[in-house]
Amino acid sequence: MPELPEVETIVRTYRPRLVGRRFVAFSSRWPKQASPSVPRLRRAIVGRTVTRLDRRGKYIVFQLAPPGFLLVHLRMSGRFEWAAEHNGEPRHVRTIWTLDNGNRLLFCDARKFGRIIYTDDLSAVIGSFGVEPLERGFTSARLRELLRGRARQLKPLLLDQSVIAGLGNIYTDEALFVAGLHPLLRADQLKPGQVTALRQAIRSVLREAIRRQGTSFDWAYLGGRMQDHLRVYGRTGEPCQRCGSAIQSLRVAQRGTHICPKCQPRGRKC
DNA sequence: TGGTATGTTCCAAA
DNA sequence: TTTTGGAACATACC
């Protein structure tokens, strides 16, 4: 589920019900997800109060008082749920936080790839992250700097969290389509106008996805409506909304990739 | 049955 | 040093 728009949606949804609450218990059914160990994480957070809930890249960041940070990364299939007294338990519950008002926050994760981290030093975990694409600092000049001297293929560069924090496979494909750029272009060969178009495309695609509360993806994430508005991702063989050509799929950096072959030429131009 | 999957990380090789 | 490809993590779905 989780790219920047989905994580942002989750943070906005859960913030009012978590900020101001104190953790009174923590338990895990899949200890490998917790770092450091489950007992150390429990000692670190129980008795502490959530003062802020924020997003950095694809991480959900709980700021605690006394000072400390609880970070959750959903990876492929993680999601939050509230425990309900009736209705039985959701599937794939891996971790449970009990709050001082009696509510229980569940971390469900079918594939067990998600990560839960306690740290005193936030920068130790996310210090190497790149620019937040929706913040002021993400200017065309900044993007030009990030691409300069990089012989790398454009798509894997955009997926690299140390370059730009928060883009994943869906929105990278969408942004490249909107910008009219082929995913295999060499990053340092974009012309200034193309860099500007790419920066604009990334921001508009992410903003639209947040407005639609993210992309629902079968059993892993529900609630968003962006899946009905994707331009290329998952639309192999369907007509391009701009030119009518059939959307093609290819592999780039071991990731499924979707393009309009006419609107995203490999050569120059478009 | 086999191929695919919204993510990250480690390793080897070019 | 930079970049790329492959495997691993573990499970569900079609």
Side-chain angles (χ1 to χ4, degrees), chain A residues 1-11 28-35 55-60 71-80 90-95 107-117 124-130 133 146-176 183-189 202 205-206 208-210 212-237 249-258:
Chain A
M1 90 162 71
E3 300 185 32
L4 186 153
E6 291 77 31
V7 177
E8 181 66 27
T9 300
I10 291 164
V11 165
S28 173
R29 303 175 187 176
W30 185 249
K32 287 174 73 172
Q33 292 188 309
S35 169
R55 177 191 61 74
R56 178 76 172 99
K58 300 173 192 171
Y59 273 100
I60 299 163
L71 292 94
V72 176
H73 199 303
L74 306 167
R75 294 278 183 100
M76 295 287 267
S77 61
R79 61 193 161 84
F80 281 165
R91 300 190 62 181
H92 312 301
V93 175
R94 309 297 181 195
T95 298
F107 182 57
C108 308
D109 185 15
R111 290 174 66 178
K112 301 178 179 173
F113 283 174
R115 291 292 176 266
I116 298 165
I117 299 166
V125 182
I126 60 172
S128 63
F129 275 25
L146 293 171
L147 303 182
R148 190 170 55 206
R150 308 300 300 270
R152 235 173 142 185
Q153 296 167 344
L154 191 50
K155 173 162 173 172
L157 187 90
L158 296 176
L159 287 170
D160 186 336
Q161 302 299 298
S162 70
V163 178
I164 299 173
L167 286 178
N169 206 34
I170 294 177
Y171 300 112
T172 299
D173 278 6
E174 294 294 302
L176 287 170
L184 291 175
L185 288 172
R186 264 181 56 153
D188 60 2
Q189 289 185 339
I202 290 169
V205 161
L206 292 176
E208 179 188 3
I210 290 172
R212 301 191 192 281
Q213 301 184 290
T215 300
S216 294
F217 204 88
D218 32 67
W219 42 275
Y221 175 80
L222 300 172
R225 298 176 310 280
M226 187 63 193
Q227 67 279 4
D228 299 326
H229 301 271
L230 296 175
R231 296 157 176 89
V232 287
Y233 184 88
R235 310 199 75 85
T236 307
S249 62
L250 59 156
R251 295 307 281 187
V252 177
Q254 292 95 246
R255 310 300 300 277
T257 300
H258 312 74

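Every chain is numbered from 1, with letters handed out A, B, ... down the list of sequences.
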Using atom [atom1] of [X] as one end and atom [atom2] of [N] as the other, report the distance to the nearest whole Å.
{"X": "Ile170(A)", "N": "dG7(B)", "atom1": "CD1", "atom2": "C1'", "result": "12 Å"}
{"X": "Arg115(A)", "N": "dC10(B)", "atom1": "CZ", "atom2": "C1'", "result": "13 Å"}
{"X": "Leu159(A)", "N": "dA5(B)", "atom1": "CG", "atom2": "C1'", "result": "15 Å"}
{"X": "Gln33(A)", "N": "dT11(C)", "atom1": "CD", "atom2": "P", "result": "10 Å"}
{"X": "Met76(A)", "N": "dT9(B)", "atom1": "CE", "atom2": "P", "result": "14 Å"}
{"X": "Leu167(A)", "N": "dG7(B)", "atom1": "CG", "atom2": "P", "result": "10 Å"}
{"X": "Asp160(A)", "N": "dG5(C)", "atom1": "CG", "atom2": "P", "result": "15 Å"}
{"X": "Leu158(A)", "N": "dT3(C)", "atom1": "CG", "atom2": "P", "result": "13 Å"}

Using a distance-only test with no angle check, is there a side-chain donor-acceptor pair under 3.5 angstrom linking [X] and [Y]?
{"X": "Gln213(A)", "Y": "Arg225(A)", "result": "yes"}
{"X": "Arg212(A)", "Y": "His229(A)", "result": "yes"}
{"X": "Tyr171(A)", "Y": "Thr215(A)", "result": "yes"}

### Task
Measure from the side-chain heavy atoms of Arg111(A) and tell me the nearest of dT8(B), dT4(C), dA10(C).
dA10(C)
### Query
Which nucleotide in the set dT11(C), dG7(B), dT3(C) lies at the smallest distance from any side-chain heavy atom of Lys112(A)?
dT11(C)
### Query
Does Val252(A) or Arg94(A) map to a spot on DNA chain C nearer the 5' end, using the closest nucleotide for each?
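Comparing both residues, the 5'-ward one is Val252(A).
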### Query
Rounded to the nearest 0.5 Å, how far does CG of Leu146(A) lie from CG of Leu158(A)?
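Leu158(A) atom CG to Leu146(A) atom CG measures 10.0 Å (nearest 0.5 Å).
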Just N and O in the side chain of [X]: are any of them under 4.0 Å from OP1 or OP2 of [N]?
{"X": "His73(A)", "N": "dG7(B)", "answer": "no"}
{"X": "His92(A)", "N": "dA10(C)", "answer": "no"}
{"X": "Arg152(A)", "N": "dT4(C)", "answer": "yes"}
{"X": "Arg255(A)", "N": "dG7(B)", "answer": "yes"}
{"X": "Lys32(A)", "N": "dC9(C)", "answer": "no"}

Identify whether any heavy atom of [X] sits under 4.0 Å from a base atom; if not, whether one sits that close to sugar-phosphate; answer base, sugar-phosphate or nothing.
{"X": "Arg150(A)", "answer": "sugar-phosphate"}
{"X": "Gly256(A)", "answer": "sugar-phosphate"}
{"X": "Arg251(A)", "answer": "sugar-phosphate"}
{"X": "Tyr171(A)", "answer": "nothing"}

#### Entry: Nucleotide forming a Watson-Crick or wobble pair with dA8(C), both distances under 3.5 Å
dT8(B)
### Task
Would you mind checking if Arg79(A) and Glu6(A) are paired as a salt bridge, meaning a charged N to carboxylate O distance below 4.0 Å?
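Answer for the salt bridge query: no.
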### Message
With a 4.0 Å cut-off on N to O distance, would you call Lys155(A) and Asp173(A) a salt bridge?
### Response
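Salt bridge flag = yes for Asp173(A) with Lys155(A).
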### Query
Under 5.5 Å between ring centres and under 30° between planes: true for Phe113(A) and the base of dG7(B)?
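Ring-base stacking flag set for Phe113(A) and dG7(B).
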### Pairwise P distance, dG6(C) and dG3(B) [rounded to whole Å]
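That atom pair is separated by 15 Å.
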### Query
Between Gln254(A) and Tyr59(A), which has a closest nucleotide on DNA chain B that is more 5'?
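Result: Gln254(A).
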